[in-house]
Structures are given as C-alpha cells and as structure tokens.
Amino acid sequence: MTAYPDTSQPIPVTLIPGDGVGPEVVDAARRLVDATGVRIAWEEAHAGASVFRKGVASGVPQETIDSISRTRLVLKGPLETPVGFGEKSANVTLRKLFETYGNIRPVREFAGVPTPYAGRGIDLVVVRENVEDLYAGIEHMQTPGVAQCLKLISRKGCEKIVRLAFEFARAEGRRTVHCATKANIMKMTEGLLKRTFEDIAPEYPDIDAQHIIVDNCAHQLVRRPEQFSVLVTTNMNGDILSDLTSALVGGLGFAPSANLGSDVAIFEAVHGSAPKYAGKDVINPTALILSAVMLLRHVQAHAAADALENAVLVTYEDGRHLTRDVVGDKLACGTRAFTDAVLANLGRVPSRAPARSRAQLRLPATPAAIDLVRPGRREVVGIDVFVEAALPPAQLGPKVEAAAAGTAFKLKMISNRGTVVFPLTGTQTDVVDQHRCRFMALSPSPDLGREDVAALLAALEHQGLRWMHIEKLQAFDGKAGFTKAQGED
Ligand code: NAP
C-alpha cells in the first residue's frame, strides 16, 4: 500500500467526472477538497458513455488506465452503462483492472435529515466483496432458452475481504462484524465465505464475529438497523444490501464508497448517473463529498477529512440548505448552493453528531500463493454432463443409460434445474431442455482418462443428445467438492 505521510506535497489523484449528474457532484467535491487546504494535483481523465461511443468496448481508455496506474488514487463520478455500445460496465472494468477487491460503503444518520429511523443512531458499514461472485460476468446461453451465470468464489477472495472487514472495524473502534451469506442454500460458494469468516475471526478476539443469513439480514436491517456495525458479504448481496442501507439514512444521495485494492483505491458515490437530473443543479452531492472524505482519510489527511465531514454534518444540522431529495421540490436548494453552504461551514463542529476516533486502516497483506488451498489427496469420482434435449425424463433417462453402457461410467441420476427427474421420482418439475446427467466413474482415480470422457460424449451424441458443458466431480482429501441435486441420495 502507498503511504502518504507528507501531505505538504501535492497528492496526485485521477479525477473522472463521469456521466449524467457526475460532473456536478465531482465538481462540488473537488471545490470542497481544495478548500480544506490539502494540496491535490488533479489529473482529469475520462471513462463511461463518451468512451463507449468512441468504440472502446471496456469504457475505459488507455490514457485513463495510465493515469490511474500513476496516481493509484481515483475520485470518480458515476458511469453509465449504455445499452448497445460496450459489452461490459466501465465501473466493473475499473474495479477488475485494478483488483479493488473491497468495497466499503458506510452509512450514518444525519441530524436534520428526516427519515423513519431518525434518532436511532444508525452508523454501519457494508464491506462488499467487489470482483468475484456473479459479477465475474461468466454467462452462457446453454440452450436457446436456458441461461447460466457462474458464481465464482475463491478462498483467497474470501480471506481478503474478511480480513479487510475486521481491519476496518478495528481502525474505527467498532466491536461487531456480521458476515451475511446464503450458505444455507449455496453451501460451496456462499459457504466458503462463511467458513473463511469463522476461520479468521479468532485472529480478532477483540471483535464479536456473528454470522447471519442474508435474507434475515435484510429483514433485520429494516427492523433494527442499529444492531449492525460492520457487515461483510459477497458481491451481489453487498450490492443489494448497501442500496437498502443507504435508504435508511435518506437515500442514495447520502451513500459514499471506497473501492480498495492492495495498490489502487477508487472513491465514488454508490449512486448512478441519475440521467433525468443531469445538468439541472438539483442533485444531492453529499455522497460524492463523503467519498472525497474517505479519500482524504486514505491519504492520512485526517484533519482535512474531519473538517469536510463536519462541515457537511453542520449544514444538515442547520437545515437551511437542503436538496430536493431531502425536502422536496418547493423548499429545495440546488447542488451549487448546497456546496456553497458546506464551504461556508468549513471549520465549524456539529453539535449532534457523535465523534468517532479513528486509526489508519491497515490494508491486509494479500496472500502471494495462487493456489491458496492445497489438498493432500484428490480424486475424480465422476462427471456431470449437461445436455440439451426436449424430451420428458421417462424418454431421456433410458437413452442416457444406454449411452453410458460399455463406457467407464454409470448414470447415477438426471436433474433438471437442480431437481432429480430420473430415476423417475414423481415430482412436479416443470422440465426444460437443459439436463444435468451425473455419471459416476466405475473406478475412481486421481483423474479421468481423456479417452473415457470422449467415449461417453460420443455415446451421448450417438443417442442424439447435444452436450454443452462438462464438469468433473472431484473430491479433495476425501470430501466431495460438489453438491447433491434436490432428491439425490
Ligand atoms: P441512479 O442513477 O443511482 O438513480 C436512481 C435514483 O436514485 C434517482 O432517480 C434518484 O431517485 C436517486 N438518486 C440517485 N442519486 C441521487 C443523488 N445524488 N441525490 C438524490 N437522489 C439520488 O440509478 P439508475 O437510474 O438505476 O442508474 C442510472 C445509470 O447509472 C445506469 O446507466 C447505471 O448503469 C449507472 N450506475 C452507475 C454506478 C456507478 O458508476 N458506480 C452505480 C449505479 C448505477 P428519485 O428518482 O426518487 O429522485
């Protein structure tokens, strides 16, 4: 991690204005950061819609990548993902290019902002894994009518995000970390985060570590949000929960974020480009201003960060300059007037906001090993072959059994969207044309013979069955590395 002990030298930061309301909120944050007296050497760079329109499929041009590689710090506005131009989101491109694996999304109550939760002291942080999970973007149409998205979770990714959550809790003197997963259903993927959390928690005996099922977490967040302090979770869960938590304190206008990697940090609001408000001077810039506060803390400009955060809190306490999302159209002030009010409040201290003592966040060391988990023994016990067939199970099953006859495999079962449909079970499964055929090897071995697999695939094709995906059934140290289908014994 880059150290910034000396803020007397200008700190280079890449500034991406972004799309829609981006330029307005970025301009507000930039003015305020400059007004704190911290010397930033802003390098303006571009990404998003305008770049897609120039034909850059990633939405991020090389000049911007070069700037970030130099500065390793970014303050950015939201980027639109235009339908029909590039194939990937420019935001996801940036996060993946610079491996910003941890997305920190704090929300806190603002005195003066009316919400159903006012007075309950909400002050919590979602720590969202930022590069894995369904956002790996590995999707296939397996048949013309059946789509698949791979949910990839690694032990390495889990270790990094879990340690980041505990370190963040320590830096802010927080006492509890909840890990929210769907491990009860997705035992391998979501379960890996839960297991990793339980393995690492003893390294942080000063922090109370709790696991919570993510759907109950959403429910608890609405009922009693004040019970949470730090919530660590997978990418998709974190995306959804953090929009929910922003609504608890007044909406997306109040939700800042930091995307942290070992080398690069990108600070941005949680919200998007809100195109209908672009250029109208009505958007609330608080989320991006607070993202800039997070940037200042990251570079150890703590006095400036505190001054800017306090000025925002005082502005809300005063209640005279509030944007449309807080007070509605008739009473509202514009983005620029709000920013001017914050500027005028620099140096003032809020009377109703509890102060938090902070230590510098210690970014966890990233494990160097690529294969973080090395089993003593591995075996391949069978193979799942996914086939396309518009046949009812009673007709498909005998064909697949006949295909396996004489090969190195025996059909164990066929499932349709995760439920066993052959041998016939009498379930009411509404069968579609993508089936998983599970074959067990007649003699398990360290690996499958390539000829054996080819012979099985050829036999399936001979039966008129089109295969589109195969997956080895592996066991590591005697433990199955695959789940059973619903109804499989
Ligand atoms: P959005 O831009 O976040 O806007 C959704 C709604 O949230 C707005 O209509 C507005 O609600 C409210 N809102 C958002 N920001 C606000 C602010 N600063 N102050 C007050 N209210 C605010 O979400 P979207 O419309 O789904 O997405 C628009 C585009 O942004 C899409 O292209 C999407 O891909 C992109 N996006 C980018 C990022 C990013 O760059 N990190 C994140 C999310 C989405 P009301 O209508 O109730 O006033």
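Below, all heavy atoms of this structure are taken into account, side chains as well, without hydrogens, waters or symmetry copies.
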What donor-acceptor contacts under 3.5 angstrom involve side-chain atoms of residues 247-258, with partners at least two apart or in another chain?
from : atom 1 : to   : atom 2 : distance (Å)
S257 : OG     : E268 : O      : 2.9

State whether the side chain of T335 and the backbone N or O of I283 hold a donor-acceptor pair below 3.5 Å, judged by distance alone. yes

Side-chain donor/acceptor of Q360 to backbone N/O of R297, under 3.5 Å: yes

With E139 via side-chain contact (heavy atoms from CB on, under 4.5 Å) - residues at least two apart: C149

Is a donor from one side chain sitting under 3.5 angstrom from an acceptor on the other, for E99 and S262? no

Is the number of heavy atoms from other residues, nucleotides or ligands within 6.0 Å of CZ (R356) greater than 12? yes

How about H321 and F338: are their ring centroids closer than 6.0 Å? no

By salt bridge (charged side-chain N to carboxylate O under 4.0 Å, His left out) - contacts of R324 (at least two apart): D329

Of all residues at least two apart in sequence or in a different chain, which pass the salt bridge (charged side-chain N to carboxylate O under 4.0 Å, His left out) check with E109? none

Does the pair R163/E203 count as a salt bridge with the N-to-O cut at 4.0 Å? yes

Looking only at side chains, do N310 and R348 share a donor and an acceptor under 3.5 Å apart? no

Using the six-membered ring of F267, assess whether NZ or CZ of R105 lies under 6.0 Å from its centre and within 45 degrees of the ring axis. no

Ring pair (Phe, Tyr, Trp, His ring centres under 6.0 Å) partners of H469, counting only residues at least two apart: F386

Taking salt bridge (charged side-chain N to carboxylate O under 4.0 Å, His left out) as the test, write out the residues that go with R320, two or more places apart. D318

With sequence neighbours left out, the residues meeting side chain to side chain donor-acceptor pair (under 3.5 Å) with D281 are none

Suppose we screen for side chain to side chain donor-acceptor pair (under 3.5 Å). Which residues come up paired with T14, at least two apart in sequence or across chains? S67, T71

For the backbone of T64 and the side chain of Q62, can you confirm whether one donor and one acceptor N or O come within less than 3.5 Å of each other? no

Are R175 and D208 within salt-bridge range, i.e. N to O under 4.0 Å? no

Any ion pair linking R174 and D123 (charged N to carboxylate O, less than 4.0 Å)? yes

Does the side chain of R95 come under 3.5 Å of the side chain of T100 through a donor N or O and an acceptor N or O? no

Just jot down the salt bridge (charged side-chain N to carboxylate O under 4.0 Å, His left out) partners of R70, sequence neighbours excluded, or say none. E43

If the condition is ring pair (Phe, Tyr, Trp, His ring centres under 6.0 Å), which residues does F197 pass it with, not counting sequence neighbours? F166

Check ion pair E167-K160 (N to O, under 4.0 angstrom): no

Identify, with sequence neighbours excluded, every residue that meets side chain to side chain donor-acceptor pair (under 3.5 Å) alongside E226. R120

Can a side-chain donor-acceptor contact be found between T181 and H211 if the only test is distance below 3.5 angstrom? yes

Going by side chain to side chain donor-acceptor pair (under 3.5 Å), name the residues that satisfy it together with Y316, two or more places apart in sequence or in a different chain. N284, T286

